[in-house]
Number of protein chains: 2
Amino acid sequence: MGVFKTHLRRSGYKITAPREAVLAVLENEKGHLHPSDILLKARAIHAGVGRATVYRTLDILKMLNLVRPIYINEAGPSYMRVAGGHHHLVCSNCGKVVEFDACNAGDLQRKLARKHRFVIQSHLLEFYGQCEDCRN
Amino acid sequence: MGVFKTHLRRSGYKITAPREAVLAVLENEKGHLHPSDILLKARAIHAGVGRATVYRTLDILKMLNLVRPIYINEAGPSYMRVAGGHHHLVCSNCGKVVEFDACNAGDLQRKLARKHRFVIQSHLLEFYGQCEDCRN
DNA sequence: GCCTATATTGAGACATATTCTCACTTGGAG
DNA sequence: CTCCAAGTGAGAATATGTCTCAATATAGGC
């Protein structure tokens, strides 16, 4: 059974077919998705899922810190699973996004958590500039 | 004279009163602003600034890499000046944002720039979690 | 300072994204 | 199995962003 589903159930949310479809879509997704993509994919699993249900489910998942909105370069936010860190190298000109792994945020994270009394679950590190093709 | 104004002029853009109002708002802002806030503040400087002018000016500033969209927790993106790095500790629950200074992204930035042939101007590092008040 | 070509403007139409409302449905505790 | 609060989809309402166009204002040439 999906992790998301377990979390929702444990938090007292009912597991309905439309909701389950949305959960499955998000859980199986490696990258990030727009709400409209989520709607389409969810409808492929359970025909007739409504737009509102996608947004409602996203709200719950955000509250439970299972999913996080992220802005890359498009019109609206995309959503992705919360899982440690995400690292992007973004070209401000053409919008190309390169993902990278190396990240030394661990120490800083511990320090900040202690100092500001936060429980930290994930982070986002993005560098902005111009890619090879776009720098003239 | 404002830095933004100088940049626009140098790039061949005309300096008009409405545009100047928008520039002033963004230039004087320390944090981040929604387009709707920008509109209001710009209208306080020059009555009658149109919504389109705000978006048009933001587009120019984005192209010139003077300003960058950023997603915190609200509905849409906010905009902030590009200036090295921005560092936020964000509570996913209540939306509180703590800014911090310490950041060791410099080395990584140089490495990535070389490897992916990017010219990097700025970065964003955000940690997500729950603040003291929100963690139960 | 005046003139002109042209970039820029605001209004409001349009397009898109998100939220809300409400009558109907359904999961799951008892 | 029953019951009812939680959840649902449709579509209205709102929020956000883009486009068009006639009117205006800037900056450079004189």
Side-chain angles (χ1 to χ4, degrees), chain A residues 1-2 4-25 32-64 67 69-79 95, chain B residues 1 4-25 32-64 67-79 95:
Chain A
M1 176 165 54
F4 286 5
K5 196 165 149 187
T6 311
H7 271 270
L8 287 231
R9 195 191 297 278
R10 195 180 302 157
S11 300
Y13 293 98
K14 291 184 179 173
I15 305 302
T16 63
R19 189 170 273 177
E20 208 169 348
V22 174
L23 295 180
V25 169
H32 17 83
L33 291 171
H34 285 263
S36 57
D37 297 331
I38 298 170
L39 181 60
L40 282 177
K41 296 199 179 201
R43 277 181 172 161
I45 299 175
H46 178 86
V49 173
R51 245 162 343 121
T53 295
V54 170
Y55 286 107
R56 285 190 279 238
T57 306
L58 281 172
D59 281 345
I60 294 172
L61 290 171
K62 274 190 286 186
M63 256 177 2
L64 297 178
V67 128
I70 188 179
Y71 260 94
I72 299 281
N73 234 355
E74 309 92 350
S78 297
Y79 291 83
Chain B
M1 178 164 54
F4 286 7
K5 198 166 148 187
T6 310
H7 271 270
L8 287 230
R9 196 191 297 278
R10 196 180 301 156
S11 300
Y13 293 99
K14 291 184 179 174
I15 306 302
T16 63
R19 188 169 274 177
E20 210 170 346
V22 174
L23 295 181
V25 169
H32 19 82
L33 290 171
H34 284 261
S36 56
D37 297 330
I38 298 170
L39 181 60
L40 282 177
K41 296 199 179 201
R43 277 181 173 162
I45 298 175
H46 178 86
V49 174
R51 231 156 10 111
T53 295
V54 170
Y55 286 106
R56 285 189 281 237
T57 306
L58 281 172
D59 281 345
I60 295 172
L61 290 171
K62 274 190 285 186
M63 255 178 3
L64 297 179
V67 128
R68 209 156 46 60
I70 189 180
Y71 184 87
I72 299 280
N73 234 355
E74 309 91 350
S78 297
Y79 291 84

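Below, chains carry the letters A, B, ... as their sequence lines are ordered, and counting in each starts from 1.
To the nearest angstrom, P of C:dT9 lies 13 Å from CG of B:Leu39. Protein atom CD1 of B:Ile60 is 14 Å distant from nucleotide atom P of D:dT18, rounded to whole Å. Between the P atom of C:dT9 and the CG atom of B:Asp59 lies a distance of 12 Å, rounded to the nearest Å. Atom P of nucleotide D:dG7 and atom CG of A:Leu61 are separated by 13 Å, given to the nearest angstrom. To the nearest angstrom, P of D:dT16 lies 14 Å from CG of B:Leu58. Nucleotide D:dT26 holds its P atom 15 Å from the CG atom of B:Leu8, rounded to whole Å. Between A:His34 atom NE2 and D:dG17 atom C1' there is a gap of 15 Å when expressed in whole angstrom units. Rounded to an integer number of Å, the gap from CZ of B:Arg19 to C1' of C:dT6 is 13 Å.
Contacts between residues 44-56 of chain B and DNA chain D, counted as heavy-atom distances below 4.0 Å, involve B:Arg51, B:Ala52, B:Tyr55, B:Arg56.
Two end axes, each from the C1' atoms of five base pairs, can be drawn for the helix from C:dG1-D:dC30 to C:dG30-D:dC1; they diverge by 40°, to 10 degrees.
Heavy-atom minimum distance, A:Ala21 versus A:Val49: CB-CG2, 4.5 Å. Counting all heavy atoms, side chain and backbone alike, B:Ala42 lies closest to B:Val25 at N-CG2, 3.6 Å.
Using a 4.5 Å heavy-atom threshold, the side chains of A:Leu58 and A:Ile38 count as touching. Residues B:Thr16 and B:Thr53 are not in side-chain contact: their nearest non-hydrogen atoms beyond the backbone lie 4.5 Å or more apart. Residues B:Phe4 and B:Val67 meet the side-chain proximity criterion, which asks for heavy atoms closer than 4.5 Å.
With values rounded to the nearest 0.5 angstrom, B:Arg19 atom CZ is found 9.0 Å from B:Leu61 atom CG. To the nearest 0.5 Å, atoms OH (B:Tyr13) and CG (B:Leu23) are separated by 12.0 Å. To the nearest 0.5 Å, atom NE2 of residue A:His7 and atom CD1 of residue A:Ile60 are 14.0 Å apart.
Pairs passing the salt bridge (Lys or Arg N to Asp or Glu O under 4.0 Å) check and including a residue from residues 38-61 of chain A, sequence neighbours excluded, read A:Glu29-A:Lys41, A:Asp59-A:Lys62.
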Under 3.5 Å between N/O atoms: give me all the protein pairs with nucleotides 27-30 of chain C, atom names plus distance.
from, atom 1, to, atom 2, distance (Å)
C:dG27, N2, A:Lys14, NZ, 3.1
C:dG27, N3, A:Lys14, NZ, 3.4
C:dG28, OP1, A:Ile15, N, 3.2

Listed pairs, N/O of protein and of nucleotides 2-4 of chain C, under 3.5 Å:
none

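For A:Ile15, the side chain to side chain contact (heavy atoms under 4.5 Å, CB included) partners are A:Lys5, A:Leu8, A:Arg9, A:Glu20, not counting sequence neighbours.
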